A.B. asks: 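First, the structure itself, so that you have it in front of you.
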Number of protein chains: 2
Amino acid sequence: MATIGDVAKAAGVSRSTVSYALSGKRTISSETRERIESAIRQLGFTPNAGARALATSQTKVIGLFVQFFRDEFSPAMLQYVLPISDAAREAGYDILMVTEDDGPRALRRITDSDMVDGVILLNVAHDDERVPPLRAARQPGALVGLPKDTEGLDVFDLDFGEAARMLVDHLYELGHREIILISPNEHVITRGGAYAWRFRDAALERAARYGLRIHPFYGETQQPAVTESLNAILDQRPTATAIIVHNDAMIAGLPPVLNARGVRVPDDLSVVGIYSEDFGRLFSLPYTAIETSPDKLGRAAVQALVQRMQDPDGAGAPVVRFIAPELTDRGSTR
Amino acid sequence: MATIGDVAKAAGVSRSTVSYALSGKRTISSETRERIESAIRQLGFTPNAGARALATSQTKVIGLFVQFFRDEFSPAMLQYVLPISDAAREAGYDILMVTEDDGPRALRRITDSDMVDGVILLNVAHDDERVPPLRAARQPGALVGLPKDTEGLDVFDLDFGEAARMLVDHLYELGHREIILISPNEHVITRGGAYAWRFRDAALERAARYGLRIHPFYGETQQPAVTESLNAILDQRPTATAIIVHNDAMIAGLPPVLNARGVRVPDDLSVVGIYSEDFGRLFSLPYTAIETSPDKLGRAAVQALVQRMQDPDGAGAPVVRFIAPELTDRGSTR
DNA sequence: TACGGTAATCGAACCGGTTCGACAACGCAA
DNA sequence: TTGCGTTGTCGAACCGGTTCGATTACCGTA
């Protein structure tokens, strides 16, 4: 492969001149620039990333740390990864995707060896073990998901509390007075997925305030447990007139269950959920729902991170930003 | 951050000695080694990846090029990505994931700048534009999916022809004489997803050989078109006793359609498909199917690539390997 | 005509590792 | 006592970029 030295020789100039022609950081005469450019084209020169990283202390790579749990629903993750990858590329960064089980170790390995300029953590838990080592790293970090201690990091998440209140309000206003609430799998909560109890607590609190009866359940994540669980819940609360589902697997499994039971939506039961548009399309879900906007969250994280990588000091204090939930009415309530 | 020079100073040795202690490429006395190791621990030294890459011409990173099409079913892709990421890590490599729309450009950018030691292409089309630039790259490449010209590259794919024959045989032996065949979306075929027509042609050929009637259709990829299309197909061929579905979206949409029509499986209709176990679990699909084994394919690609990266000459001629399809009987035929 | 300012370029140092050749110290055999 | 092979370590060069300070040529102005 051609090096900058080869280009310099071919163009009859010094290496530094080629570098300046490339970066534009000093003025270069147009004749020289043309000679250099033609040499570059002829030799097919592309700067070596490692050498550039060494010289500039910049890799132009973002580390994306993804965590997959057996008790969560995996296809949803892709909806965060793709927009992040796209947004990063638009800003001139590539994505080093790390899926290692031992998150903290992987994080240290990558940041200590300076493989990346910044880090995005996906699916952050309340007590996420990756957060302390990220805070200790030289590189800035952005999180998708809310940990208990956000100091020093930009954090982005859906406002799950507000989402829950919107759904309860929606049902209450329609006259419902007895509601089923299905949360994520119990493991998710004990493990610390904060979104689970933020949503749940807010829903319960709001329901209590209105004096309406609400029956909380935990859902399953895999078939056939999902179907069994849904049937058990519906059997146990036959008088409920509405159901709020905050669980991807459970809501994806709901249509056939209701169908088999002869329950019509919304005539017999009002159904609301919280999931992304793409997810709903994937499973043909016809329910009114809060849009979780994984693309917005991912892009916001990239944007904040890029700013901080490019101007570590000028970027201001870290932010915790909750994006506002939006209700998409698909006519599954009345 | 501590450099190798800082470690050398702290241990009272030269930089090269530290390097040799780290790599073990020359003998180092045990006292010196201990001094060095303690210095490393105290200073928290981790070698700089860029500098190491520059010196060794090795990045220990694999470029993973993923292509998403609107007319394909996205969640399936994750099933390839995760095992590849895991296998790479086990072999000491990290994953640079590239999802850029302009695949050929991205490929050149990454390989020319020496950001990776090798490349894996996912979802390779018959006439994939990424293949020529990959062949021209310095780095070795492995493909998942069969292009028309495989020269110089390791290629891994499911034996779709054999898969189709197995399914036709299976149905024929059970006595079926009129079969519906649903292929991927027509766009997939015209765009060049070779697996689509490899499966289709083999199925038609086999059916012809047995003299059984087979009705080929193209499927849809998004609701509500999927449901409409399924209904139209079933309306059009009411006398068919079996159906072969080679289309993720169509088979995921099949259960509710059959249910709504009151068609019982396998009593009224025998159903077979071709999809991965994980995919089937995700959508609770109860059908006898050929397992597509994305994990096996991904891991095989990584393995071959690693070998070729570590011993470019000794790895022998490139291979095209078809993995043997396996039928999982879930009792949806009779 | 001397002088200061600007434009264009060069050379050298540096980033942080790895690796090659040299060399000192030592034990052992001739 | 000389010579040789081993072991352990060092210094220097190198990988391929970027960047700083210096230098030259040229311009307009005093």
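Keep in mind the model is a prediction, meaning the values are calculated, not measured.
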A.B. asks: Just by modelled atom types, is the T59(B) backbone N or O under 3.5 Å from a matching donor or acceptor in the R52(B) side chain?
C.D. replies: no
A.B. asks: Atom NZ of K9(B) to atom P of dG16(C): distance rounded to whole Å?
C.D. replies: 12 Å
A.B. asks: Is there, by distance only and without an angle test, a donor paired with an acceptor across the side chain of R15(B) and the base of dG11(D) below 3.5 Å?
C.D. replies: no
A.B. asks: With hydrogens left out and only the distance checked, is there a donor-acceptor pair under 3.5 Å joining Y20(B)'s side chain and the base of dC20(C)?
C.D. replies: yes
A.B. asks: In this structure, how many angstroms lie between the P atom of dG17(D) and the CE atom of M1(A), rounded?
C.D. replies: 8 Å
A.B. asks: Taking only Lys NZ, Arg NE, NH1 and NH2, and the carboxylate oxygens of Asp or Glu, determine whether R109(B) and D94(A) approach each other closer than 4.0 Å.
C.D. replies: yes
A.B. asks: Is D154(B) salt-bridged to R321(B), going by a charged N under 4.0 Å from an acidic O?
C.D. replies: no
A.B. asks: Specify the residues of residues 23-44 of chain B, ordered by number, for which at least one heavy atom lies under 4.0 angstrom from an atom of DNA chain D.
C.D. replies: R26(B), T27(B), I28(B), S29(B), T32(B)
A.B. asks: Provide, to the nearest angstrom, the distance between the CZ atom belonging to R52(B) and the P atom belonging to dT19(C).
C.D. replies: 9 Å
A.B. asks: Check the phosphate of dC10(C) against T17(A), side-chain N and O only, distance under 4.0 Å to OP1 or OP2. Yes or no?
C.D. replies: yes
A.B. asks: Would you call E90(B) and R299(B) a salt bridge, using N to O less than 4.0 angstrom?
C.D. replies: yes
A.B. asks: Side-chain N or O of S14(B) less than 4.0 angstrom from OP1 or OP2 on dC10(D)?
C.D. replies: yes
A.B. asks: Does K60(A) make a cation-pi contact with Y93(A), if we ask for NZ or CZ under 6.0 Å from the ring centre and within 45° of the axis?
C.D. replies: yes
A.B. asks: Below 3.5 Å is the cut-off: list the nitrogen or oxygen pairs between protein and nucleotides 24-27 of chain C, distance only.
C.D. replies:
none

A.B. asks: Going by modelled atom types, is there a donor-acceptor pair between the base of dG11(D) and the side chain of S16(B) at under 3.5 Å?
C.D. replies: yes
A.B. asks: OP1 or OP2 of dT18(D) versus the side-chain N and O atoms of S19(A): is any pair under 4.0 Å?
C.D. replies: yes
